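All chains are named by letter (A, B, ...) in the order of the sequence lines, taking the proteins before the strands, and each is independently numbered beginning at 1. The structure displayed is predicted, hence computed values, not measured ones.
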Amino acid sequence: MAREIAKAYEPQQIEPRWAEFWVKEALFRADASAPGPVFSIVIPPPNVTGSLHIGHMLDHTEIDILTRWHRMRGYNTLYLPGMDHAGISTQRVVVRQLAEQGIDYRKLGREEFERRVWKWKEESGGMILGQMRQIGESCDWSREKFTLSPELSRVVREVFVRLYEEGLIYRATRLVNWCPDCLTVLSDLEVAHEERQGHLWHIKYPIVGTKEFLTVATTRPETMLGDTAVAVHPEDERYKRVVGRKALLPLMNREIPIIADEMVDREFGTGAVKITPAHDPNDFETGKRHKLAEIDVMTDDAHMNANAGAYAGLDRFQARKKIVEDLKAQGLLEKTTGHTSAIGLCERSKTVVEPRISTQWFCKMKPLAEPALAAVERGEIRMVPDNRREEYFNWMRNIRDWTLSRQLWWGHRIPAWYCKENKHVTVAREIPAKCATCGSANLEQDADVLDTWFSSGLWPFSTLGWPENTVDYKKYYPTSLLITGYDILFFWVARMIMMGIHFTGQVPFRAVYLHALVRTGSGEKMSKSKGTGLDPVALNQQYGTDAMRFCLASMAAPGTDIILSDDKLASARNFANKIWNAARFLFVNLDKFEQSGAKLEDLAGPEVRAKAPYAAGGEIPLVDAWLYARLAETVEMMNDALANYRFHEAAQGVYQFFWGDFCDWYIEWVKPELQSADRERATVAWKNLFAAFDAALRLLHPFMPFLTEELWHQLPQQAGARSIALGRFPEAELRWKNADALRDVAQIQEVVTALRAIRAELRVEARKKAGAEFSTTDRGLGDLIRTNKEAVERFAVLSELRMVLNERFDAKSGAVRSTATFDVRVVYSETVDAGAEMTRLKKEIEGLRKAIASKERQLGDETFRSRAPEMIIKGLEATLAQQRIEQEKLRRRLGDLDGGSQAAGT
RNA sequence: AGGCCCGUAGCUCAGUUGGUUAGAGCGCUACCUUGACACGGUAGAGGUCUGGGGUUCGAGUCCCCACGGGCCUACCA
């Protein structure tokens, strides 16, 4: 039966089938009762509003590689998927949608609005989970979680109440970050700072009872309407005499005190500062110290309010413009200078955040931070790359209280009830029937919801069933690892650690791997709004998901950002195609071999593969011994690399093994054997080839799940075996290790390469078989080349390789290459280009001269000899001896050529 | 303002505890459409590791300074 195999790999034909298969068969469902060491990992929950972007692609590729690798090594493996409810983003999306239909969400009322959001969630939310299935992530979909589900909402309430009872959650009136677009308060982390070019307006405030002015400098003139003081430094000689007087606030005609406070920087601006306690964090503190009034001059959507006098109703920026004009008209604007400052923007809406006085719920962080700091310090959580530890420590040490409440409808409603009779607050797990103090049933629940990140912080244990001591919790918590981008170290990682330790008494994960960001070709952070983002779904379609995964993995060196390009993706796609074609080679040739009665089952059955490599004539052929030795090396290297999150090394290692060793040398070497008339030799070659190929597929599987699954199914497998993903990652078998074979084949490769180089130099046509000679003083090498003469002849396209032991080649015909241990010559009618050859020789001799000189200098140095380790000295000496021989040979050769050309010239 | 990271071949990046002629992919040059693969094969050119100083027998690797680039934290109006 002849097999039909496409000439090039077409991932589009293959991927959807396996993606569906993995989900339908529930292949990655974890079994908490199964044996084996545990590997558990929870997804960093993506937004319900989100779709797969390139950052997820990297994150999920790394997670899935490690998950598949552990699973294949016999771990009881759980990869738990899910999403967070993304309070602000989701509400924004649905509000906008309703607005498009002409519906004001506020008019719908809270309950109806929530119903609409759930409907939206069911219909169009969670696109990313579908995409994760498409790209074949090996999640346990039966354990999928959502932060706003009833199950996880209970956990959130439990945690809130406990923290409240412990005195860690409190309600207070503070100056907070307010987003006038999202109409909610934000935590410090949700404010992004951006340097912007602005102005510094110098405004003259008349001093009451004098004809003088006190000039203040401000970047936000609109806030002056809420000024309740002007401050100067107590030791500022310029202003000492005005302290205690009053200034007349322009435009408002309000008398405000001139006070002295040490917070004033005498060097900045005029040294006099307007104080607006209701609109500036610094001024808020100053206001408290001096018991100043707090006048809020804005509405929640950043328009000026009734306190703003004539400016009421204007947008804050229009008001700024108008105020500056009016001041100018009244001659109170002294001057305007350019000023750059970092302004706070809302992460979601990009609106300028307005500091505002507001009553909110807060969480005390210091008591939570201390154990979280200590756990990382003590190494209970390994952080990779470890230079991120400093950032973590720094943030933890300077941590500030967390603003928990949000003025939204979509989220976990704060479990606090206010008594309408006596204002008493009841915080409870369940809806309280009456006020605890006065017994009134007239209660009203707090209207606000909790920050989404509050529930995300509980994710590693809330998803496993805490506070119940469930089977999953017992088995899979603490999780093994968290993989996420370093940009959300504080959002997630830090909070998960704090909450995890506080509530479970254990760290939530034993290690954190913080990966890089994917950047554009020009090195910028990708951004959807700038249109600089790459769409991984489209790229997966174009190049194949396996290629994308391999590409990302091969660039994912810890701590380094990734700049993705078409070139790199194409290179990974080429690799996938190479693997496909190696398989194609196997099966096309197998068709021929099967015609002589061989059966695939006998050559490649699972029990046949298990015993490879096989011997022919009592001995394992050199090239097979070599390949399995390389396989063992590669397995060890990959295991070590993956254990240390060195994805790029593992990827490059398997690339080198498959392409360089397996395709370029091994397949080429055994080609004739596969169709050999010698039945035993052919059978052994096939068995060794298939077993090696199968092992290579398993090595590749964590990186390229689709392609390897497809090809694995074309090999005979054990009855009931459903997927390569449930097979074993190869072990570095002791019997595969073979230092002699590694050395021998390396030597043969060196001889072959030397011969090929000569052919290229002489411009021998590719298929023209040339004669060649080989000479060595090394007996072992001579034997080795003689034994493998046929292979060398084939690799170097020779009619014959003559062994001319201990003979020195002259320059008469052909070209020569020499190493310290051997010389080769290709005999060819065309003569060498003596000029070019001499240039090459001179260059090489010069290189050697430098190398030799530096070694001689070092070895001649007594201090070096007495201090350097023995191994280094021995190594240098050995190399030096080799290089001297080599240099001598090259010099002689140069002399021959030189003499020859002179002779020809005369 | 404080902290962190980076500067190695034309490009993008590796380079484990300082130790023998600094590696890879892409690109480039030459040759090759050979029965797995041109998404391929073979051979090759190309860096002295941003600059300066220091420690050391020995520095791409450790220390200091400068220059260049990036990031994070921070209430300078």
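Using a 4.0 Å heavy-atom cutoff across all strands shown, A:Lys850 reaches no nucleic acid atom at all. Using a 4.0 Å heavy-atom distance criterion, A:Pro869 is classed as a base contact. Nucleic acid contact class of A:Leu848 (heavy atoms, under 4.0 Å, all strands): base. As judged by a 4.0 angstrom heavy-atom cut-off over every strand, A:Gly269 is placed among residues making no nucleic acid contact. Counting non-hydrogen atoms under 4.0 angstrom, A:Glu668 reaches a base of the nucleic acid. Among the atoms of the strands shown, only primed sugar atoms or phosphate atoms (P, OP1, OP2) are found under 4.0 Å from some heavy atom of A:Asp664. Residue A:Val588 is out of contact with every strand shown, counting any heavy-atom pair closer than 4.0 Å. Using a 4.0 Å heavy-atom cutoff across all strands shown, A:Arg756 reaches sugar-phosphate atoms only and no base atom. Backbone-only contact: A:Ser341 has heavy atoms under 4.0 Å from sugar-phosphate atoms and none from a base. At a threshold of 4.0 angstrom between heavy atoms, the contacts of A:Lys671 include nucleobase atoms, whether or not backbone atoms are also involved. Contact annotation for A:Lys274: no contact, since no heavy-atom pair falls under 4.0 Å across all strands.
Of the P atoms belonging to B:G52 and B:C67, the separation is 15 Å, rounded to the nearest Å. Rounded to a whole angstrom, the distance from the P atom of B:A66 to that of B:A1 is 14 Å. Taking atom P in both B:G69 and B:G58, one finds a spacing of 35 Å when rounded to whole Å. Comparing the P positions of B:U55 and B:G47 gives a spacing of 31 Å, expressed to the nearest Å. For B:C4 and B:C76, the C1' atoms lie 23 Å apart once the distance is rounded to whole Å. Rounded to the nearest Å, the gap between the P atom of B:G68 and that of B:A74 is 27 Å. Nucleotides B:U16 and B:G60 are separated by 13 Å at their P atoms, to the nearest Å. Straight-line distance between the P atoms of B:G3 and B:U8: roughly 25 Å, to the nearest whole Å.
OP1 and OP2 of B:C31 both lie 4.0 Å or more from every side-chain N or O belonging to A:Arg763. In terms of phosphate contacts, A:Lys7 brings no side-chain nitrogen or oxygen within less than 4.0 Å of OP1 or OP2 of B:G40. An OP1 or OP2 oxygen of B:A43 is reached within less than 4.0 angstrom by a side-chain nitrogen or oxygen of A:Thr753. Checking the phosphate oxygens (OP1, OP2) of B:G40, a side-chain nitrogen or oxygen of A:Asn574 falls inside 4.0 Å. Using a 4.0 Å cut-off, no side-chain N or O of A:His648 falls inside it from OP1 or OP2 of B:C13. Side-chain N/O atoms of A:Arg400 include one lying less than 4.0 angstrom from OP1 or OP2 on B:C75. Phosphate proximity of B:A36 to A:Asn589: present, with a side-chain N or O under 4.0 Å from OP1 or OP2. Proximity of A:Lys843 to the phosphate of B:U21: no side-chain N or O atom is located under 4.0 Å from OP1 or OP2. Put simply, A:Trp659 has no side-chain N or O that comes within less than 4.0 Å of OP1 or OP2 on B:C39. Put simply, A:Arg388 has no side-chain N or O that comes within less than 4.0 Å of OP1 or OP2 on B:U73. Distances shorter than 4.0 Å separate some side-chain N or O of A:Arg646 from OP1 or OP2 on B:G15.
Counting only N and O atoms by type, the side chains of A:Thr863 and A:Asp861 include a donor and acceptor under 3.5 Å apart. Side-chain contact, A:Thr223 with A:Lys274: a donor N or O sits under 3.5 Å from an acceptor N or O.
Between the side chain of A:Trp580 and the main chain of A:Ala6, a donor-acceptor pair closer than 3.5 Å is present. Between the side chain of A:Asp640 and the backbone N or O of A:Glu636, no donor-acceptor pair lies under 3.5 Å. A donor-acceptor contact shorter than 3.5 Å links the side chain of A:Arg759 to the backbone of A:Ala766. In this structure a side-chain-to-backbone donor-acceptor pair under 3.5 Å is missing from A:Asp280 to A:Thr276.
When the options A:Trp686, A:Phe587, A:Phe690 are evaluated for a ring-ring contact (aromatic ring centres under 6.0 Å, His included) with A:Phe593, the one that passes is A:Trp686. A salt bridge (charged side-chain N to carboxylate O under 4.0 Å, His left out) with A:Asp261 is found for one member of A:Arg266, A:Arg289, A:Lys288 and no other, namely A:Arg289.
Mapping A:Met263 and A:Ala757 onto RNA chain B via the closest heavy atom, the residue that lands nearer the 5' end is A:Ala757. Looking at which nucleotide of RNA chain B each of A:Thr270 and A:Glu649 is closest to, the 5′-most match is held by A:Glu649.
With contacts defined as side-chain heavy-atom distances shorter than 4.5 Å, the pair A:Val264/A:Asp236 does not qualify.
Taking only distance into account, the side chain of A:Glu391 never meets the base of B:U73 through a donor-acceptor pair shorter than 3.5 Å. No donor-acceptor contact under 3.5 Å links the side chain of A:Glu761 to the base of B:A30. Side-chain N/O atoms of A:Asp567 and base N/O atoms of B:C26 include no donor-acceptor pair closer than 3.5 Å. Counting distance only, with no hydrogens placed and no angle test, the side-chain atoms of A:Lys578 and the base atoms of B:C37 include a donor-acceptor pair under 3.5 Å.
Consecutive Watson-Crick or G-U pairs involving RNA chain B, each under 3.5 Å on both distances, make up stems of three or more pairs at B:1-7 with B:67-73, B:10-13 with B:23-26, B:28-32 with B:40-44, B:50-54 with B:62-66.
For A:Arg840 and B:U29, the CZ to P distance is 23 Å, given to the nearest whole Å. Atom CD of A:Glu837 and atom P of B:G44 are 12 Å apart (whole Å). For A:Glu195 and B:C71, the CD to C1' distance is 13 Å, given to the nearest whole Å. Distance, A:Ile562 CD1 to B:C6 C1': 16 Å, rounded to whole Å. Distance, A:Phe575 CZ to B:C26 P: 12 Å, rounded to whole Å. One interatomic measurement links the two molecules: CZ of A:Arg397 to P of B:A74, which rounds to 16 Å at whole-angstrom precision. Straight-line distance from the CZ atom of A:Arg356 to the P atom of B:C75: 20 Å, rounded to whole Å. Note: CE (A:Met555) to P (B:C11) measures 17 Å, nearest angstrom.
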Pair A:Ser187-A:Glu190, side-chain hydrogen bond (donor to acceptor under 3.5 Å, both in side chains): steps then yes or no: CA-CA 5 Å; A:Ser187 74; A:Glu190 289 159 296; 2.9 Å; yes

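Distances from the side chain of A:Gln858 to the nucleotides B:G19, B:U34, B:C26 place B:G19 closest. Listed nucleotides B:C26, B:G35, B:C39 differ in distance to A:Lys592; the shortest reach to its side chain belongs to B:G35. Comparing B:G19, B:U21, B:A36 by their closest approach to the side chain of A:Arg584 singles out B:A36.
Ring geometry for A:Phe268 against A:His339 counts as perpendicular: the plane angle is over 60°, on a 0 to 90° scale with 30° as the lower cut.
Figure legend: A:Arg320 and A:Trp201 shown without cation-pi pairing, the cationic atom not lying both under 6.0 angstrom from the six-membered ring centre and within 45 degrees of its axis.
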